[in-house]
Amino acid sequence: MGKQNDQAFIDTLTLPEKAALVSGKDAWYTATLDRVGLKRLMMTDGPSGLRKQNINAAVTGINDSVTAVSFPSSALTASSFNRTALNALGHHLGKAARAEKIGVLLGPGINLKRSPLAGRNFEYFSEDPYLAGEMASAYVDGVQAEGVGVSVKHFAANNRENQRFTSSSNMDERTLRELYLAAFEKVVKHSHPATLMCSYNAINGTLNSQNKYLLTDILRDEWGFQGLVMSDWGAVADHTAAIQAGLDLEMPGKGPASTQEIIDAVNAGKLSEHDLNRSVLRVLDLIATYRPDSETVTPYDLDEQHAFARKLAAESMVLLKNNGVLPLKQNQSLAVIGELAAHPRYQGGGSSHVNAYKVVTPLQAIQTAAPDAFYEAGYQLNSEAADADRLQQAVSAAKQADQVVIFAGYPASRESEGFDKTSLSLPDNQNELIDAVTAVNDNVTVVLQNGSVVLMPWADHVQGILETYLAGEAVGEATWDVLSGAVNPAGRLAETFPKRLADTPSYLTFNADPEQENYREGLFMGYRYYDKRQQPVAFPFGFGLSYTTFKDDDLKLTVGTDSVTATLSVTNTGRVAGTETVQVYVSNQTSRIEKPVKALANFAQVSLAPGETQTVTLTLDQRAFSWYNPAIKDWQVDNGDYAILVGTSSQDIRLQATATLNWPQAAKPQVTLNSYIGDVLALPEAQSALKESGLTDVFAPLASGETTDQQMLLNIPLRSANMVGATQEQLDQFLSLMTN
Ligand code: BGC
């Protein structure tokens with residue numbers, strides 16, 4: 001058989017066949033064309049394990065899928081800050097997909113966590129675009145190295161679930177580029193994903209599935225994306241308009257309704273065959289590249305994947321507080337309290353739900369390792385009301401125990417794809433339980449299972465807090481690994497934990513309007529907001545404790561031609577081996593624009609034996625010093641000073657140095673008649689022209705800026721500089737010298 005993805009092949013296809021190819025056959029397959037021997041390609045969710053469904057199951061029949069390992073959700077894996085681990089996760093998912101003859105894995109989801117209320121935050125990586133982009137790229141590289149394509153989703157600005165099919169994410173261009181598109185840009189340019197999944201929502205009033213600016217101008221023309229764009233399931237409102245805008249594959253197709261719409265549009269001259277062929281070719285390319293050849297499929301080892309899920313979960317968990325209670329003491333009695341210990345929440349609801357291979361609960365893992373530990377449920381998971389008997393029994397158990405671990409978290413009903421949360425509080429009965437237990441025992445650790453941020457009103461009264469998010473099917477073993485000290489926790493928060501819902505950046509607007517989601521906080525989202533507002537938080541972005549301590553020293557910067565390199569040494573100053581996550585933030589001291597106090601620009605992990613020191617080198621690329629300038633429709637870097645901050649969280653900056661850029665590719669300062677005298681005098685690049693035109697002398701009496709009069713006069717533009725004695729000739733000469 002000849003090639004099935006070239007123009008000659010397309011020319012053999014009939015219009016109905018082409019229309020069928022751009023319309024998914026059903027929920028999981030592309031069309032089969034028997035006449036020309038074209039086979040179908042299967043795709044399947046999802047980000048944290050395979051959800052290959054029985055073909056007859058309803059899309060929402062979440063339990064009717066093959067058995068697969070449930071890996072930790074992305075909220076937890078991002079907390080690893082570990083590119084190597086995310087790459088390995090991708091390999092495991094790719095292997096599983098191939099063994100199930102899947103061509104495209106529908107993930108990862110990389111939208112930013114704009115509001116902690118957003119229902120799908122558990123499936124996403126971070127509030128920070130750099131971290132999200134790095135994690136996603138590593139994951140995508142892993143999956144695709146196994147010969148399976150990915151669908152990076154949900155493109156773009158799909159940051160809430162309520163009315164997700166219709167709501168419009170409204171924001172300015174810088175916010176779009178610098179935050180909500182940045183991780184997608186990174187993955188597209190770095191990892192060349194096979195497909196992108198276009199999200200349901202609109203951006204600034206245009207549905208993403210019909211958004212040419214998004215799907216063609218930015219994605220293809222600017223970023224050079226060569227792959228296919230498919231719709232999120234049911235996201236296409238107008239198939240013809242979608243293809244014209246750059247969407248290639250409607251998923252799932254609406255059967256004859258979808259194909260007939262395309263046939264009619266072509267026949268009526270509304271859709272050109274050229275546009276249709278472009279999408280057909282991309283579908284054919286996808287099938288040719290990623291449809292697995294059944295002969296070469298090799299089975300994979302689910303136990304090996306379970307062991308990896310355990311390791312990844314344990315290494316990603318975030319130790320938020322530890323007043324010496326962890327690791328647990330083996331020779332002391334232990335009470336395990338909380339129904340979530342016996343019935344853990346280890347994955348989120350919706351399309352990422354996996355029919356797990358082997359769930360090991362925390363209670364099972366603890367009782368295997370510490371058979372004398374006693375357990376009380378403490379509360380009912382599916383109720384908000386306190387259960388007096390359970391509470392009482394838990395308090396009595398806590399009174400008798402040397403150490404207590406309480407398992408708390410959101411019940412499944414609170415957190416899922418498809419709707420947003422309305423509160424960040426744990427159910428009342430869980431908070432009451434924690435209060436009651438801390439009143440009778442001084443060695444209480446709370447283990448949290450939740451897909452996203454929770455409030456911890458009891459944080460000051462407990463001695464330990466371990467954030468385990470939704471840890472996948474090995475939740476029990478991984479949690480015990482950390483509690484027991486077998487694994488030294490290395491996770492860092494990929495999102496800020498606020499003190500109150502009312503403190504969060506989008507609190508005033510999130511879900512306020514069913515149709516319009518206005519991103520009024522703009523660039524100030526996540527830690528960028530809390531930093532700027534100096535708003536105290538419960539736990540900052542990047543934060544996480546270890547069972548050992550680290551010290552950073554000797555920060556040195558080297559300014560290259562288009563990057564800055566930071567070198568420092570990290571020492572393990574404690575008594576056990578551990579892993580530190582060095583975070584480098586850039587603080588732009590130069591550009592006169594709205595900007596955050598600082599932004600994450602790179603990070604590295606270093607594993608150290610007690611007393612060991614290692615040198616760490618991190619490169620900060622030009623993008624770390626750039627901002628998106630809508631006026632020039634491009635990224636701009638400005639010469640000047642940038643503080644390079646090295647920290648162990650966004651709020652614990654340990655070392656600082658200044659990089660002064662003087663790059664030829666940087667923007668030239670623009671001087672016009674509207675430039676202010678004070679600004680012009682401060683510009684190194686203006687000094688010779690000021691002198692030559694005689695303006696240095698004219699402005700000399702103002703230059704020191706010491707008196708209020710001087711300050712007032714410095715604050716007038718050149719066009720009014722006649723008021724301080726400048727002549728028109730001098731101004732003309734100055735401007736012509738500056739522009740030539
Ligand atoms: C979700 C996607 C998912 C698709 C297929 C949609 O509802 O938004 O993330 O891949 O369903 O299950």
Side-chain angles (χ1 to χ4, degrees), residues 71-82 85-86 113 116 121-122 124-128 131-132 135 309-323 325-328 340 344-346 362 405-410 424 426 445-456 458-459 462-472 474-475 478-499 526-527 530 537-550 578-583 600 603 605 607 647-652:
F71 293 100
S73 64
S74 298
L76 181 58
T77 63
S79 309
S80 74
F81 275 66
N82 184 337
L86 268 285
K113 304 183 196 207
N121 281 0
F122 68 88
Y124 297 143
F125 289 119
S126 180
E127 67 188 24
D128 179 78
L131 178 61
M135 296 289 98
R310 169 181 183 169
K311 182 167 179 287
L312 178 58
E315 289 175 356
S316 307
M317 289 175 178
V318 189
L319 182 61
L320 294 176
K321 179 170 182 178
N322 187 16
N323 282 354
V325 280
L326 296 178
L328 295 170
L340 281 164
R345 242 192 106 219
Y346 60 94
V405 177
I406 303 178
F407 285 80
Y410 288 130
L424 301 180
L426 291 176
T445 295
V446 174
V447 172
L448 288 167
Q449 293 174 359
N450 45 290
S452 58
V453 166
V454 292
L455 302 180
M456 301 173 220
W458 32 259
V462 301
Q463 303 306 313
I465 304 173
L466 179 66
E467 176 57 77
T468 71
Y469 282 107
L470 305 177
V475 52
T479 305
W480 180 248
D481 286 343
V482 174
L483 292 177
S484 65
V487 169
N488 188 350
R492 299 289 185 267
L493 289 180
E495 61 186 329
T496 307
F497 275 54
K499 281 186 180 290
Y527 64 86
Y530 300 105
V537 301
F539 299 101
F541 174 87
F543 177 77
L545 300 169
S546 164
Y547 294 149
T548 187
T549 48
F550 302 96
T579 300
E580 167 69 320
T581 300
V582 178
Q583 300 159 41
L600 184 69
F603 55 87
Q605 286 196 316
S607 295
T648 190
S649 86
S650 61
Q651 291 195 359
D652 187 354

Study note, to complete from the structure: When every non-hydrogen atom of T579 is compared with those of S607, the smallest separation belongs to OG1-OG, 2.8 Å

Practice item. Could you tell me which non-hydrogen atom of A309 sits nearest to which non-hydrogen atom of A474, and how far apart they are? Key: C-CB, 4.1 Å

Review point. Can you check whether V325's main-chain N or O pairs, donor with acceptor, with N322's side chain at less than 3.5 Å?
Key: yes

Exercise for review: Can you see which heavy atom on A478 is nearest to which on A313, and at what distance?
Suggested key: CB-CB, 3.6 Å

Review point. Does E495 offer a backbone N or O that forms a donor-acceptor pair with the side chain of K113 under 3.5 Å?
Key: no

Check your understanding: Charged N to carboxylate O below 4.0 Å: is that the case for E467 and R492?
Key -> no

Review point. Side-chain contact, heavy-atom cut-off 4.5 Å: D128 with F541?
Key: yes

Review point. Can you find a heavy atom in the side chain of F539 that is under 4.5 Å from one in the side chain of I465?
Key: yes

Exercise for review: Would you check if Y530 and P498 make a side-chain contact, meaning some heavy-atom pair closer than 4.5 Å?
Suggested key: yes

Practice item. Taking the side chain as every heavy atom from C-beta outward, state whether W480 and P362 have any pair of such atoms under 4.5 Å apart. Key: no

Point to revise | Side-chain heavy atoms of Y410 within contact of V454, under 4.5 Å | key: yes

Practice item. Determine the minimum heavy-atom distance between F81 and M135, stating which atoms define it. Key: C-CE, 3.8 Å

Point to revise | Side-chain donor or acceptor of E127 paired with backbone N/O of Y527 under 3.5 Å | key: yes

Review point. How far apart are the C-alpha atoms of L320 and L493, what are their side-chain angles, what is the distance that settles it, and do they pass the side chain to side chain contact (heavy atoms under 4.5 Å, CB included) test?
Key: CA-CA 9 Å; L320 294 176; L493 289 180; 3.8 Å; yes

Exercise for review: Apply side chain to side chain contact (heavy atoms under 4.5 Å, CB included) to the pair L319 and Y547, showing each step before the final yes or no.
Suggested key: CA-CA 9 Å; L319 182 61; Y547 294 149; 3.5 Å; yes

Practice item. Check whether any side-chain heavy atom of M317 lies under 4.5 Å from a side-chain heavy atom of V487, and answer yes or no. Key: no

Point to revise | Residues T648, E580; criterion side chain to side chain donor-acceptor pair (under 3.5 Å); working and verdict | key: CA-CA 8 Å; T648 190; E580 167 69 320; 3.1 Å; yes

Review point. With a 4.5 Å limit on heavy-atom distance, are the side chains of F125 and L86 in contact?
Key: yes

Review point. Taking C-beta and beyond as the side chain, do N450 and L426 meet within less than 4.5 Å on heavy atoms?
Key: no

Practice item. For Q651 and V537, run side chain to side chain contact (heavy atoms under 4.5 Å, CB included): C-alpha distance rounded to whole Å, both residues' side-chain angles, the deciding distance at 0.1 Å, then the answer. Key: CA-CA 10 Å; Q651 291 195 359; V537 301; 4.0 Å; yes

Study note, to complete from the structure: Taken to the nearest 0.5 Å, the spacing of S74 OG from N121 CG works out to 11.0 Å

Check your understanding: Is T468 reaching over with its side chain to a backbone N or O of L448, donor-acceptor style, under 3.5 angstrom?
Key -> yes

Practice item. Calculate, to the nearest 0.5 Å, the distance between atoms CG and CG belonging to L328 and L483 respectively. Key: 5.0 Å

Exercise for review: Please report the closest heavy-atom contact between A408 and V446, naming both atoms and the distance.
Suggested key: CB-CG1, 4.2 Å

Check your understanding: If only atom types and distance count, is the side chain of Q449 paired as donor or acceptor with the main-chain N or O of G409 below 3.5 Å?
Key -> no

Check your understanding: Checking S649 side chain against P540 main chain: does a donor-acceptor pair fall under 3.5 Å?
Key -> no

Practice item. Give the minimum heavy-atom separation between G544 and V318, together with the two atoms involved. Key: CA-CG1, 3.7 Å

Exercise for review: Could you give me the CA-CA distance, side-chain angles and deciding distance for T77 and F71, then say whether side chain to side chain contact (heavy atoms under 4.5 Å, CB included) is met?
Suggested key: CA-CA 9 Å; T77 63; F71 293 100; over 6 Å; no

Review point. Is a donor on one side and an acceptor on the other found under 3.5 Å between the side chain of S80 and the backbone of L76?
Key: no

Practice item. Give a yes or no on whether the backbone of L600 and the side-chain of Q583 come within a donor-acceptor separation of less than 3.5 Å. Key: no

Review point. Quick one: CG on L340 to OH on Y346, what's the gap to the nearest 0.5 Å?
Key: 13.0 Å

